[in-house]
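Encoded as structure tokens, the structure appears first; notes follow it.
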Amino acid sequence: MSAHPYQYVVLRCVPRVDRGECVNVGVVLFSQSAGFLGAACHVDENRLRALASDLDLEAVSASLAVVDDVCAGTDGGGRPRLATPGKRFGWLSAPRSTVIQPSGVHGGTTADPAAELEALLDRLVR
């Protein structure tokens with residue numbers, strides 16, 4: 001198998017944007033050469049509640065579901081219509097000032113983007 005370059009962002013939940021405290025809740029990985037765009041998420045409710053006991057966890061889950069939809073190319077209902085995985089990754093990785101925020105873009109190479117996504121989730125989120 002050949003190695004494919006990839007880019008990824010860590011998704012962070014920032015319950016109170018004014019404080020800037022965050023908990024990593026997911027990873028989005030894009031490899032153009034492998035034709036792969038995917039997201040994996042894990043929400044540690046106890047860690048989030050420690051930062052903001054009144055956080056709406058259902059809204060966090062709904063926001064992460066939108067990330068999955070965008071990766072899959074599902075549009076409508078406020079989701080953008082973006083024709084290519086590269087454009088969808090660009091939209092997902094764009095800085096924003098919301099409860100779910102992407103990190104800066106990082107990169108690497110892998111022979112198996114799906115396995116790399118899970119490894120990043122284990123290392124950076126779980």
Side-chain angles (χ1 to χ4, degrees):
M1 275 202 217
S2 63
H4 298 281
Y6 67 85
Q7 298 176 309
Y8 73 92
V9 293
V10 178
L11 300 176
R12 300 171 173 158
C13 181
V14 185
R16 290 190 45 201
V17 176
D18 57 326
R19 290 182 60 139
E21 298 169 327
C22 66
V23 173
N24 293 348
V25 293
V27 178
V28 177
L29 187 142
F30 171 58
S31 174
Q32 183 172 348
S33 66
F36 182 90
L37 174 62
C41 300
H42 172 80
V43 176
D44 185 328
E45 293 181 7
N46 292 328
R47 290 183 71 204
L48 287 173
R49 291 267 186 235
L51 291 181
S53 60
D54 60 342
L55 179 64
D56 184 347
L57 292 172
E58 287 182 21
V60 169
S61 294
S63 294
L64 294 172
V66 169
V67 170
D68 285 334
D69 288 348
V70 171
C71 285
T74 303
D75 59 16
R79 290 157 183 80
R81 175 174 285 170
L82 300 165
T84 66
K87 289 183 180 186
R88 293 193 297 269
F89 180 74
W91 187 84
L92 291 166
S93 63
R96 49 185 47 90
S97 194
T98 60
V99 172
I100 300 297
Q101 299 180 13
S103 69
V105 177
H106 307 283
T109 59
T110 184
D112 185 344
E116 187 68 21
L117 176 61
E118 284 299 315
L120 288 168
L121 186 70
D122 284 341
R123 188 170 79 234
L124 302 172
V125 178
R126 289 187 182 131

### Task
Walk me through it: do Arg16 and Leu51 pass the test side-chain contact (heavy atoms from CB on, under 4.5 Å)?
CA-CA 8 Å; Arg16 290 190 45 201; Leu51 291 181; over 6 Å; no
Expected output: side-chain [X] to main-chain [Y] donor-acceptor under 3.5 Å:
| X | Y | value |
| --- | --- | --- |
| Glu118 | Ala115 | no |
| Ser31 | Pro5 | yes |
| Arg81 | Gly76 | no |
| Arg12 | Val10 | no |

Applying a strict under-4.5 Å side-chain criterion to I, L, V, M, F, W and Y, I'd like to know whether [X] and [Y] cluster together.
| X | Y | value |
| --- | --- | --- |
| Val43 | Leu121 | no |
| Tyr8 | Val66 | no |
| Val105 | Val27 | no |
| Val99 | Val67 | yes |

### Message
Atom CD of residue position Gln101 - does it have more than 12 heavy atoms of other residues, nucleotides or ligands inside 6.0 Å?
### Response
yes
### Task
Take atom CD of Glu21 as the centre, draw a 6.0 Å sphere, and report whether it contains more than 12 heavy atoms from other residues, nucleotides or ligands.
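Enclosed.
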### Message
Within the structure provided, determine whether Glu116 and Pro113 are in side-chain contact (heavy-atom separation under 4.5 Å).
### Response
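A side-chain contact under 4.5 Å is absent here.
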### Task
Start with the C-alpha distance between Tyr6 and Leu120, add both sets of side-chain angles, then the distance that settles side-chain contact (heavy atoms from CB on, under 4.5 Å), and finish with yes or no.
CA-CA 12 Å; Tyr6 67 85; Leu120 288 168; 4.1 Å; yes
### Message
Using 30° and 60° as the class boundaries, would you call the ring planes of Phe30 and Phe89 parallel, tilted or perpendicular?
### Response
parallel
### Message
Give me the atom names and distance for the closest heavy-atom approach of Ala40 to Leu117.
### Response
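Shortest heavy-atom separation between Ala40 and Leu117 comes out as CB-CG, 3.9 Å.
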### Task
Looking only at non-hydrogen atoms, find the nearest pair between Gly26 and Val125 and report the distance.
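That would be N-CG2, 3.7 Å.
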#### Entry: Asp75 and Arg79: CA distance, side-chain angles, deciding distance, salt bridge (charged side-chain N to carboxylate O under 4.0 Å, His left out) verdict
CA-CA 5 Å; Asp75 59 16; Arg79 290 157 183 80; over 6 Å; no
Would you compute the distance between atom [atom1] of [X] and atom [atom2] of [Y] and round it to the nearest 0.5 angstrom?
| X | Y | atom1 | atom2 | answer |
| --- | --- | --- | --- | --- |
| Cys22 | Ile100 | SG | CD1 | 10.5 Å |
| Asp69 | Leu64 | CG | CG | 11.0 Å |
| Thr74 | Asp68 | OG1 | CG | 9.5 Å |
| Leu29 | His4 | CG | NE2 | 11.5 Å |

#### Entry: The single option from Leu92, Leu37, Val28 passing side chain to side chain contact (heavy atoms under 4.5 Å, CB included) against Val70
Leu92
### Summary
Which of Val9, Leu124, Leu11 passes side chain to side chain contact (heavy atoms under 4.5 Å, CB included) with Ser103? Answer is Val9
